[in-house]
Amino acid sequence: MTVNFRMDAPQPRLLDQTGQGVIHKPLDRPEGPLKVSGRATYAAETHLPGMAHGVLVTASIARGHVEAIDDSAAHELEGYLGCWNGERFLRNPAQGMAGAAPVQPGDRVDFRGQPIAVVVAETFETARDAARRLRILYSEEDAVTDPAEAEFETKEDADAARAVAEALETAAHRIDATYTTASHAAAAMEPHASIAEWNGDQLTLRSALQMLRFNALELADAMGLERGQVRILSPYVGGGFGSKLGLGPEAVAASMAARDLGRPVRVAMTRQQVFETVLRRSETVQRLRLAADSGGRLTALAHDNRQFQLLGEGFAEPVPQASRFLYAGAARSYRQDLGRMHRTPSGSVRAPGEAVGQLAMEAAMDELADAVGLDPVELRLRNIPDAHPGTGTRFSAHGLEACLIDGAARFGWDRRAGPRARQEGDWLIGMGMAGAARPNMLVPSEARVTLAGDRATVETDMTDIGTGSYAILSQIAAEMLGLPAENVTARLGDTDLPGASGSGGSFGAGSSGSSVFLAAKDLRGQIAALMGAAEDGLTLKDGLARAGNVEKRLADLIAEPIAATAKIEKGEMAKETHQSGYGAHFCEVAVHALTGEIRVRRFEGTFAAGRILNEKTARSQCIGGIVWGIGAALTEELVHDARTGQPVTRDLASYHVPAHADVPQIGVTFLQERDDAANPIQAKGVGELGISGAGAAVLNAVANATGVRLRDYPATPDRVIAALAAAGL
Ligand code: MOS
């Protein structure tokens, strides 16, 4: 029997009443030793008997048809096994939650880097050689590969835009500024890889994926199978950042070849293929218009964006997502111009929306603070709305004010000087800050918890993409069952287990954690029954069950294993409240007046995201988010060749993600918050909250250091030098 639960009303804070004391604790990851000793098997690392090796072949044109693939020269190689393409070839990763996989229509090519075939051989080296020997005949068509030539589809509410224009006319203070952000790659450390293995008409796929329940549907769909014929294993994933939300093309390529060859096939992408073939984040042009009264209170806000996508793709970066609710202002409008281009499709990359939207919005707020003559923290405090300013929906736990105050004190914000007022030799020193917000979601998730004596097992197809799922799901079960965390084993990443939310949109911990909580809660009821006691009179701690004056060891009480399965879905609370995590970022930079080099010297972030389930893994998530924020602000740029649409920064040397030398010690503080509307564990997402606004704090610090506002990101040294020169500095 499955416990079915809908989040229709606030729930008792049971995790504050249980006695084990492991929840929230900064416990180590249980799978950590496996990972650091190389014993955790990632997608490409399983060696199956008889396994053949595939190499993906990608299009070298931006648009047209594959007329013929001649592999006669590959046949000269010993160990060459063949070349596959065809109707079912995936042209790009699916978007996970969409369900259906985007099957390539025949042999069409729509972007350079699109996968068009897979070549398979006895060894990887032979397959790579064979792939280079293919002669591919294309018929080429004109492609749009230069953003300047793209045609745009516009979405705008004309009435809202008019109201904003009117408010701007009469405002005491106005900002009208345009910012650009670069295209980004998810840049997960582990390249996309799959091993396909058939047993009769049953397909097992070992792959690196974020959302297994959906990915199994995509695989069945792409291969023309029933859902029951596919199983996906993804126990360890070396980062996803959105790029593994959906099934990758290498998974289908491996499955097709493995079926025909009657042996397992492995296909791993090269780093360059990951950059060219897997989705990217679109570059954006964002125009921010803010109107405020003499006290700095916003009266109008317009957040317009221009971005790019392949024709026929449904996804668009939700650029103004946080701008819709973070600050007050009666008149609001959001225009989107979506340009169509023949480039790698755009998709979800690390906090889609906020990561680039807040970069611009929080810079505009900084510019407004300057215009009004207000401290940037004070400007934000004055503009915290009482309810969602667009819909009037009430907020659930709302920690922005507390984060701003805590972060400012912790950082020493009161020591901030005016623009270009601090200098150390050739270095200009400045401080900046930004607000952060990221909506919280609850996605259907199911888990089974089994208790055998004083040992428990958590089973769900939830993934751990480096985030800490193994740790937090074990902790939740341990807390609820009164066991040390090491007495709980989490089995994840297998679609034969109950279907979880997966890892995406920062909803994984709250959603899958709640299903584990509910299953463990059911077990508490079963334990109480065995004790002949009421559930609320039961105390579980250190493997002992106590009710009244009766105390029993779980090891004795649970003679036969007991199990419970629970499933959670969102309910009325998601409609009645707007739920977000909030935060505040504070940063100090040094900008070299002659070379334009920017060094981040200090960074402090304070976050309110409901209950923090593991203080160490949550902290790591926020530190990681801030590092990505520094990347978006200063270094990350997926540069495309406008003639071909091909990414030219397609390795981790030229696509520079901040490295240790680029990142200072980062301070992360969590406020003690409970969000009763979010879920029965009162926790909200933290994964993407850390990145939201982080880059803006860096850039606002650069403006404070130099007295010059940069609006084109990343703020690389050439741009800094040009901006300083333009200002006559
Ligand atoms: Mo996230 S970009 O939803 O993996």
Side-chain angles (χ1 to χ4, degrees), residues 92-99 181 183-190 192 207-215 218 234 236-248 274 278-282 284 307 309 313-319 321-322 344-359 436-445 461-469 493 500-512 579-581 609 617 620-622 624-629 631-632 636 638 657 684-695:
N92 60 284
Q95 287 284 303
M97 297 183 72
T181 65
S183 181
H184 293 152
M189 199 183 292
E190 178 199 22
H192 296 52
S207 190
L209 293 162
Q210 297 178 220
M211 315 256 297
L212 299 195
R213 180 159 60 90
F214 301 96
N215 304 138
E218 290 164 350
S234 200
Y236 306 109
V237 181
F241 308 110
S243 72
K244 294 167 183 166
L245 284 169
L247 191 70
V274 173
V278 178
L279 54 80
R280 67 191 184 97
R281 189 206 303 282
S282 173
T284 72
Q307 57 173 299
Q309 179 61 289
E313 294 291 321
F315 178 88
E317 178 98 12
V319 172
Q321 188 157 256
T344 310
S346 305
S348 293
V349 175
R350 321 178 213 132
E354 289 81 352
V356 287
Q358 291 308 283
L359 212 50
R438 173 80 188 170
N440 180 64
M441 289 179 269
L442 182 56
V443 169
S445 209
D461 82 356
M462 182 61 188
T463 45
D464 187 322
I465 61 173
T467 41
S469 305
S501 61
S503 303
S506 304
F507 50 64
S511 303
S512 71
Q579 303 168 15
S580 272
T617 56
S620 288
Q621 288 288 289
C622 288
I626 290 166
V627 171
W628 291 123
E636 285 184 64
L638 189 61
V657 169
K684 291 186 285 203
V686 291
E688 291 162 314
L689 180 58
I691 188 173
S692 303

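Counting starts at 1 for both ligands and their atoms, following the listed order.
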Test item, K244 contacting ligand 1 (heavy atom, 4.0 angstrom): no

Geometric N/O contact G505 with ligand 1, under 3.5 angstrom: yes

Heavy-atom gap G240 to ligand 1 smaller than 4.0 Å: no

Residue, atom name and distance, where the atom is the protein heavy atom closest to atom 1 (Mo) of ligand 1: E688 OE2, 3.2 Å

Short N-O contact, R281 and E636, less than 4.0 angstrom: no

Numbered atoms of ligand 1 (with element) below 4.0 Å of L245, judged on heavy atoms: 3 (O), 4 (O)

Proximal ligand 1 atoms for G242, defined as those under 4.0 Å from one of its heavy atoms: 2 (S), 4 (O)

Donor-acceptor pair between S183 and R280 side chains, under 3.5 angstrom: yes

Geometric N/O contact G504 with ligand 1, under 3.5 angstrom: no

Minimum heavy-atom distance between S243 and Q210, given as atom pair plus value: N-OE1, 3.6 Å

Region of V349 that comes within reach of ligand 1 [heavy atoms, distance under 4.0 Å]: backbone

Candidates C622, S506, S348 - the one meeting side-chain contact (heavy atoms from CB on, under 4.5 Å) with E688: S506

Considering all heavy atoms, the nearest L209-L247 contact: CD2-CA, 3.8 Å

S506 and ligand 1 - part of the residue with a heavy-atom distance under 4.0 Å: neither

Nearest heavy-atom neighbours spanning V356 and E317: CG2-OE2, 3.6 Å

Donor on one side chain, acceptor on other, S234 and T463, under 3.5 Å: no

Atom indices of ligand 1 within 4.0 angstrom of P352 heavy atoms, with elements: 2 (S)

N or O pair under 3.5 Å between Q210 and ligand 1: yes

Distance-only side-chain donor-acceptor flag, S445 / S512, under 3.5 Å: no

Atom 2 (S) of ligand 1: the protein heavy-atom neighbour that sits closest, reported with distance to 0.1 Å: R350 N, 3.2 Å

